[in-house]
Every structure is written in C-alpha cells, then in structure tokens.
Amino acid sequence: MKRSLKGKLLATVLALSMLPVGGMAYAASSSSTTVAVLADASATAGTSGTATGGVLDESQAKISKEEAVEKFRKLFPELKDAEVESVDLGNPNQYPPSQEMIWTIQWRMEIENGSYGFDSAIDAINGDIVTYYNSLPREDSFYPAKVSKTEAEKIAKQFITVASPSLNTADKLQLVPVDSAYPQALFGPVQYSFAYQVQVNGIPTATSQIQVVVDGNGKITEYRGYGTRRDYPSPDTTLTAAQAADKMKKDLKLQLAYIPGADYYNNPSKSSDYRLGYIAVGGIGLIDAKTGKFLNEQGEAVESLEATGYSAISSSAKPFEPHAGGELTKDEALAVVTPLIGSDAKEVNAQVNSGSDGQKTWSVWNSNPFGEQVHATVDAATGQLLQLFSYTSGNPGAEEQPAAKPAITEEQAKAKAQDLVTKLYPNASGDLKLINRPGTVTYSPDTAYMYSFQQFYKGKPVQPSSVQINLDGDGNLKQYYVTVMPKDTLGKLDSLTAKITEEEALKRYRDAIGAELQYTTVGSNYVEGKLQEPQVKLVYSPKFGDLDNYVVLINAISGKLEQQYSLSGTPEATRELPADAKKHWASKSLQTMFEYGILKPESDGLLHPDQTVNNGDWINLLMSGFTGGQSYITPQVQRFADIPVDGQYAAGVEYLVQRGFLQASPTQKLHPEQALTRGELAVWLTRLLKYDKLSEFMTNDSDVASLKDASQIKNKGAVKIAMKLGLLTADKGKFNPNAPVTKAQISVVLLRLATLQDKVDSPIMNSHY
C-alpha cells in the first residue's frame, strides 16, 4: 500500500475512535459535542504563496529547493550520500494533497543490494523542519546507553534552535509528557522521546508541539515541528479563568456509565477492570476567551454545549442472523461484503485467517490499484461483518475535484445507518443506541455522514464500546467498525453498584473544575464535504489540578476524581522511589527497574524488595521488561491448565508463548504461585539467551560439578552459562539452586542480562516487539 493510502486509512481509523467528549475531540469517549483540535504536521505550515486556482506558486517560496536539501544534509549526516528523487511544493503524499508552502523531499538511499526511500518536509517560507523520520537500520544503543536522558534532552533542545529558527526568542519551550504507545523498554534499543509545548505571548499552545527523538547514541532519529508558523490572536481576554470555570460549572451535565481502567488504551488485557463512574456529557468544553462563548465542533461560538442524548434504533430492516452450518466458504464471505460496496464478486479477493485466539476470519479486499479500495473482515463462524474500510486511492497527476453536494439528506443518511447496523450487528436494537449528534461533521472528504451507536448494558452506556458507520454523499457505506465489550464478559459489570448519587457527583465535579488559558486550533474537519479552515483561537480549557487532561470522571463507588484514560508511557518514571527501596542494598537496581515500569508499588505504596517472586510474577516482570510496562495482548485461549484466560498472569503467559519463550500446554500446569528458585531462574536465563542446546552440551562441566551442592542442581549446563556470563554467582562454594529469588535479586539479574544485549549474536528480543 502506498504511503498516502496508509496515512489516509490511519486518519480514518483515528476518526472512528474519536467520539465526542465535552467540547473537544478525545479518543473513544461518548459525550457532548466535539471541537476538532488535531492538526497534522503539514497543516501547521503557512498557506501564503497559493496562486489563483489553488496552485502553489514556487516563486513565493523564500527557501529554495537547493537550500532545503542542503539544510537536511547539514542537520542529518546520514543524508550525505542520499539521492534526492524529487522535491515538491506542498505534500503530494497527503490525501487530499496539501496546499501548504512546504518542500517535500523524497530521498533514496542504497543499502547493500537494495535501496530504501523516505520523505521529509521543510517550511518553504521560514526554513523550519516540519518532519524528518528515517527508519533506516542503524547501530542500536542498548542499556546502559552512551547518552543519559538528561544529556539527550540537552541535545534535543540545542537541535531545536537550529531546526526551527523561526521560534521567537521570547517564546519558551515547555516540556510536556510524551503520550507514547511504545514506551522505553529495558530490553530493546534505547531512545528518548521529548515533546515541547510552544508558548506564544507567554500562553501555552495546546496543538503546537515540537517532538524530538534522540537515540542512546545521541543521534536525532525523528523530528516533528508542529505549529511553528501560525497567526495567533492577541492575549487579551473578555473574561477571567475563574469566570470561565464558573460558566462550565453552571452548565455541567453528568451521566453514569461503565468506563474501563485508565490504562485501557495501553493495556487492553485489563479491559475487564471496568469502573462505574459519572462522566461529563454536556456543558463543559472550550470557551472562546474573546467572546466568552463555548465553541462547538465546527469551532463556532455557541451559548452552551448541549448534553449528549441517545435514541433507540428505528429500522424496519431484517435483523442480523448468524450463519449456521459450519464455517463460511469464500463465496459466502464475499456475499457478506459485496452487497455493501456494490462491487462484482469477481473483482474482490478473500482469504481466511486464524488469530492467536483461535478465531477464524475472512479478509476481503479488492485489487484495483486506483479508484475505490475496500478492506473488510468477516467472522468465519457467524458471518458477522467486523470491519470495513472503503476509500479512494486517487490517480497520480489527477486534479483534486471539489466534493459533490450529497445526493441524500441527513435524515435519509441517518435512516440508512440505522438500517445497516440492524442488518450487520447482532441484536442491534437491544444492545445499541444511536448517539445524537450532527452526522454531517466528518474527518475525511470521502465521508459525508458519520453515525455512532453506543453499546448499553442494563440501561447504562459502556465506554468506549460502540459501532461506527460512515457513509458517503450517495449513502454508500465507507467505514464500518465494531469496538464493543464481548457479551460473555458483560456480566462482570454486575458487581459495580453506585454508592455516590448524581447530586454528590455533580458537587465534587464542579468543585474540581478550573480553567486554563491556551491557544488551540479548531476546524480541520469536513462539513457537508467542505474542509473547514483551521483557526487558532485563544480559549479557556477545563483544568483539573495535576491530572493530564480534562477527560475525568467521578468514581461512583469511591467518590474520587479520576482520569478517564491515560496514554502516557510509564508514569512510574516520574514518581519518587518508594521509601523501602531507597536505602536497600539493591537501591540502584530497584530505581532503574522502577523507572522502566517493571517494578511497581503495591497497594500500600511500597515496593517490598525482599519479597519472594513467584513464577507468575516472574513472567509478568519479563513482559514488562520487553514492553516497558505495557501490554497490548488480550488473551482469548487458555494456554495452561492453571492460567485462566482472565487471570493476572494470562497476558504475560500469552506474550511469552507468542515469542517462543514458553511452550503452551493447556493440560499442564505452570504453577504460577510457586516461588521462583535460583535453579529455575538459571534455566530461564539460558532460554532467553537462546542457549538451550549449549546448556545441554555443558551439562558435565567441571566448574559446576565442583560446587558443594552440585547434586541439588537439576540443570548444570544452565547454571554454568548463567555463572560464566556473570548473571548468577556462587556463595561460599554453593549455588543454592533451591533458594527462592527476591524482587531485589531479580532486579540485579535482569539489569545484568540487559547489558548483554549488544554482546550476544542472537538478540534477546526483536526491536519491534
């Protein structure tokens, strides 16, 4: 798939997950109206230089093509011998092609027997780097890195002054947490991600960030300059922050809903850890600091933000009936998809896939390189459509055509969407409700109408569970996406009973509301097929103390104010090491494990470094070492007899099984509660290093045979390797293979193992686990 198609598809997927929250676009939360505040890198560059007819005028560029190329070569030495394939004004890789005054440079580099291409962008007016990312294989730096995080930050800040020279010296860069889906892992290449929020007139800019990635060797590997050239309103306001907060408090509306844990987006395997809470569904959002009015999702001033409402599905369409009689054949899978896209089955391909959870699905797609592209997934057992994406790839060189006026009205589109969800989703009328919001606000020129259907359970919405249906102006299905909580797990929500009334929740929520003055960008969405021009506004945004963002809830059981979700990498890295670890003999190792998110405080806030580690804990520690404390795995199949699929060790077991470190055996037991011994740890270390066969060869090694307790060692070869590599040591001539291992000891051993990553022929883990 071409880069432009990937970008477009990704934008579509993101749009599907962007359900409205109290006046701003936040991921997958259903409430109130939306103000689109997201802008990509290309949209941040200036638009001056556009000639009549919307064609960019190269004569208006103040930075020449040659100067643009030379600046990149100077800043990034790896481009010294790279070939420039093309330099275009605007961004031809974006759909639709952008009309910003930026030079997009296509690079080509020769690598051994092949070549590698990528592009970068620079502002054609002021010479600011807009984007640079070169994923060319490079020399990785592993723990311990040559450059510390503090040193890397100095490198990043110094680089910004050269890469983004247009930044006013009076403006400041404020370091903000990086919401990274891929946090730094102990076992893996070291890289430091920094995000700097730009301040203009002393006011933070919510949608203008500069992002820099520095690897462990001190090299800049990625740079994204956001919003460095915008027209910012004056800092004058017509109301104070306190008055803005009072306005939000007055109109606040709450609703009781089931909400997943705050780390839902980082750890889907914990999706069963739901909360019952009161969430804002109206009255709270951005307030224009100039007019004192709220901003709706078009960025227009309105007196108030109406509360989200839901409607029962109204449709006379035949409800979905699951397929019976065995798995779907290819023709049957095609028959599910083709009526929805209006394509002849001969033009569409399909293949059956088996997931790690044992579920079989049919992937259906067409092979037309230009024009309409279709990708769909169908459950092979039930015939249920799980997702469908249809988009236009475009014809290179063809002029961008203005969006045609929709052939159907919004009322007709809403009826079509309700008919579709009835036919495609099991018991749609019983389990889903239509979210009442204007269907004409979309995030793609191909989409004219967007409708979201919220999952309900016993009268309460389940967040972020929904079914999304997007239509074009003719009523054709463009996107269909299902993200719902499985019906067989909904019963877990029965244990949640509210102890806080709505009135109590309203008071606590209102007491916590504050307001922060900031610049933000509104617009960038499509209304009736027309792109809304992005505008920078001076606004008051809701603020709740030290919480990361204003998408918060009142826990209906504890009554506490909590973050609805968190996208940060490893929050433990910013906290203080627990007291019981500070003066421990292994404090340095414990500190590092704590910073990497591998060791976490228990309910009493302590680390308990001398606590024995059991087999299940060890598996979870390993997974955290590989993932940076996050897991994206939701186990569906029980891998061992004593590891239930929804248990605390299931995700870790699944992770290690998928990577070959564990051999699944559903009839055998893993004994997760048994203490991990030194002898078992030696076997594990050998396995992680992929020295299993070597350990068998070294079974009769004389060094191990001479140990006083050699007779107690079951795997002498593994012990030999662990000792030879300095991972484990003997004490007074004894190895003590049956002694349990503590958290502190595990911390020391794992850090010793991490230092071997660049010294072994076979990597302990792949870079992209």
Side-chain angles (χ1 to χ4, degrees), residues 133-153 155-156 177-195 211-222 263 266-269 567-574 589-600 618-633 651-652 654-662 684-691 725 727 746-769:
Y133 174 60
N134 175 8
S135 59
L136 183 71
R138 57 174 56 86
E139 182 183 357
D140 288 326
S141 174
F142 295 97
Y143 174 89
K146 296 177 182 178
V147 173
S148 68
K149 184 174 183 179
T150 300
E151 293 169 331
E153 185 178 352
I155 293 172
V178 176
D179 290 339
S180 172
Y182 300 97
Q184 180 64 57
L186 177 63
F187 294 96
V190 176
Q191 64 176 24
Y192 307 100
S193 297
F194 303 99
Q211 297 178 339
V212 193
V213 178
V214 183
D215 70 11
N217 292 318
K219 292 187 62 176
I220 305 292
T221 61
E222 186 171 354
D263 63 346
N266 298 325
N267 294 286
S269 60
L567 294 179
S568 57
T570 51
E572 283 77 17
T574 62
S589 298
L590 293 167
Q591 175 74 50
T592 302
M593 297 284 281
F594 181 70
E595 290 175 351
Y596 274 94
I598 300 174
L599 286 182
K600 297 179 172 139
W618 163 247
I619 287 171
N620 282 349
L621 288 173
L622 268 184
M623 179 179 67
S624 294
F626 287 135
T627 66
Q630 297 182 15
S631 167
Y632 300 90
I633 292 178
E654 181 68 24
Y655 185 92
L656 296 184
V657 166
Q658 290 187 14
R659 281 146 190 84
F661 293 130
L662 272 177
W684 264 105
L685 294 172
T686 304
R687 186 182 307 161
L688 293 170
L689 290 166
K690 302 175 181 66
Y691 288 158
L725 293 175
L727 299 173
I746 281 289
S747 299
V748 173
V749 172
L750 282 179
L751 290 180
R752 289 173 178 170
L753 181 64
T755 62
L756 294 178
Q757 292 180 100
D758 58 352
K759 300 177 179 66
V760 293
D761 295 325
S762 181
I764 297 173
M765 65 167 280
N766 293 330
S767 300
H768 304 291
Y769 270 1

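Here, residue 1 is the first one in the sequence, and each next residue gets the next number.
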Value rounded to 0.5 Å, distance of CD1 in Ile746 from CG in Leu621 | 7.0 Å
Taken to the nearest 0.5 Å, the spacing of Leu750 CG from Leu727 CG works out to 9.5 Å
Contacts of Val748 that satisfy side-chain contact (heavy atoms from CB on, under 4.5 Å) - sequence neighbours left out = Trp585, Ala586, Ser589, Arg752
With the side chain counted from C-beta on, respond yes when Trp684 and Val749 share a heavy-atom pair under 4.5 Å apart, and no when they do not.
-> no
What residues, two or more places apart in sequence or in another chain, satisfy side-chain contact (heavy atoms from CB on, under 4.5 Å) together with Val213?
-> Gln191, Ser193, Thr221, Glu222
For Thr755, check side chain to side chain donor-acceptor pair (under 3.5 Å) against everything at least two apart and list the hits.
-> none
How far does NZ of Lys600 sit from CE of Met593, to the nearest 0.5 angstrom?
-> 11.0 Å
Going by heavy atoms in the side chains, are Leu662 and Arg687 under 4.5 Å from each other?
-> yes
Does some side-chain heavy atom of Met623 sit less than 4.5 Å from a side-chain heavy atom of Leu656?
-> no
Tell me, please, which residues at least two apart from Val212 pass side-chain contact (heavy atoms from CB on, under 4.5 Å).
-> Ala156, Ile160, Tyr196, Ile210, Val214, Ile220, Tyr223
With the side chain counted from C-beta on, respond yes when Tyr691 and Val760 share a heavy-atom pair under 4.5 Å apart, and no when they do not.
-> yes
Backbone N or O of Ala754 within a donor-acceptor pair of the Gln757 side chain at under 3.5 Å?
-> yes
Point-to-point distance, once rounded to the nearest 0.5 Å, from CG of Leu590 to CG of Leu751 | 9.0 Å
Sub-4.5 Å side-chain heavy-atom contact between Glu153 and Tyr192 | no
Do Phe142 and Leu756 come close enough that some side-chain heavy atom pair is under 4.5 Å?
-> no
Specify the closest pair of heavy atoms between Ala152 and Val147, including all atoms of both residues, with the distance to one decimal.
-> N-CG1, 3.5 Å
Test item: Leu725 and Leu685 side chains (from C-beta on) under 4.5 Å apart, heavy atoms = no
Roughly how far, to the nearest 0.5 Å, is the CD1 atom of Ile619 from the CZ atom of Phe661?
-> 12.5 Å
Donor-acceptor under 3.5 Å (Asp215 side chain, Asn217 main chain) = yes
Of all heavy-atom pairs linking Lys146 and Glu151, the shortest is O-OE1, 4.0 Å
For Ser624, what residues pass the side-chain contact (heavy atoms from CB on, under 4.5 Å) criterion, not counting sequence neighbours?
-> Ile598
